[in-house]
Amino acid sequence: MQPKKVKHRKWHKGRRRSTGLAKAGTELCFGMYGLKAEGTKWITDKQIESARRTITHHLQKGGKLWIRIFPDKPVTQKGQEVPMGGGKGSVEYYACPIKPGRILFEIDGVAEKIAREAMRLAAHKLPIKTKFIKS
């Protein structure tokens, strides 16, 4: 998962503040069940993809899944044993900054027991504490 086109190839890192709640994406919009973040962290594209694969594998062609986050923040890294200076490193991966209260995934069309288990398995793939919610 990565954006097709970005305005700037390398971004500033920004502040990683642990205070404050998510402004948008805090309500269930599409499905009956969701996975809500309870912490602050950057979630990488590989972690999102791993959680998505886990959920779809557990649903077994039943129900529908919505991914409510997208990794559009480029994270750069300099190579191993590179001396100081020489500019900023190349883009290694893309991440999505998450704040508490943000809905990460939504599911609909399955029983609550199946949805709860699928979200539990997906939560193990993510670096933050999450909570299962239903509307």
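Index from 1, following the sequence.
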* Sub-4.5 Å side-chain heavy-atom contact between Lys10 and Val91 -> yes

* **Beyond-backbone contact of Leu35 with Leu126, side-chain heavy atoms, under 4.5 angstrom** => yes

* Asked: Is any side-chain heavy atom of Asp72 closer than 4.5 Å to a side-chain heavy atom of Val6?
  -> no

* Structure fact -> The complete set of side-chain hydrogen bond (donor to acceptor under 3.5 Å, both in side chains) pairs with one or both residues in residues 100-111, sequence neighbours excluded, reads Arg68-Glu106

* Do Ile103 and Ile133 come within less than 4.5 Å of each other through their side chains, counting heavy atoms only? -> yes

* Asked: Any link between Ile98 and Leu28 through a network of hydrophobic side chains (Ile, Leu, Val, Met, Phe, Trp, Tyr) touching at under 4.5 Å?
  -> no

* Asked: Does Trp66 belong to the same Ile/Leu/Val/Met/Phe/Trp/Tyr cluster as Ile69, with side-chain heavy atoms less than 4.5 Å apart forming each link?
  -> no

* Asked: Atom CD1 in Ile48, atom NZ in Lys125: separation rounded to 0.5 Å?
  -> 14.5 Å

* **Gap between atom CD1 of Ile43 and atom CD1 of Ile128 - 0.5 Å precision** => 4.0 Å

* Lys73 (side chain) donor-acceptor with Lys13 (main chain) under 3.5 angstrom -> yes

* Any Phe132 side-chain heavy atom under 4.5 Å of Glu112 side chain -> yes

* Find the distance between OG1 (Thr130) and NZ (Lys36) and round it off to the nearest 0.5 Å. => 12.0 Å

* To do: Return each pair, listed once, that meets salt bridge (charged side-chain N to carboxylate O under 4.0 Å, His left out) where at least one residue sits in residues 77-91; pairs must be two or more places apart or across chains.
  => none

* Is Glu49 paired with Lys46 through a side-chain N to carboxylate O contact shorter than 4.0 Å? -> no

* What's the shortest heavy-atom distance between Trp11 and Pro74, and which atoms? -> CD2-CD, 3.4 Å

* Asked: Taking Pro71 as the fixed residue, which of Gln2, Gln47, Met1 is the one that meets the side-chain contact (heavy atoms from CB on, under 4.5 Å) rule?
  -> Met1

* **In one Ile/Leu/Val/Met/Phe/Trp/Tyr side-chain cluster, 4.5 Å: Met32, Leu59** => yes

* To do: Kindly check if the number of other-residue, nucleotide or ligand heavy atoms within 6.0 Å of CD (Glu27) is above 12?
  => no

* Can you tell me if NE2 on His124 sees more than 12 non-hydrogen neighbours from other groups inside 6.0 Å? -> yes

* Any side-chain heavy atom of Ile55 sitting closer than 4.5 Å to one from Met119? -> yes

* **Closest heavy-atom pair and its distance - Pro100, Gly20** => CD-O, 3.5 Å

* Under the ring pair (Phe, Tyr, Trp, His ring centres under 6.0 Å) test, which residues partner Phe70, sequence neighbours left out? -> none

* To do: Evaluate side-chain contact (heavy atoms from CB on, under 4.5 Å) for Ile67 paired with Phe105, printing each intermediate quantity in order.
  => CA-CA 5 Å; Ile67 303 171; Phe105 298 98; 3.9 Å; yes

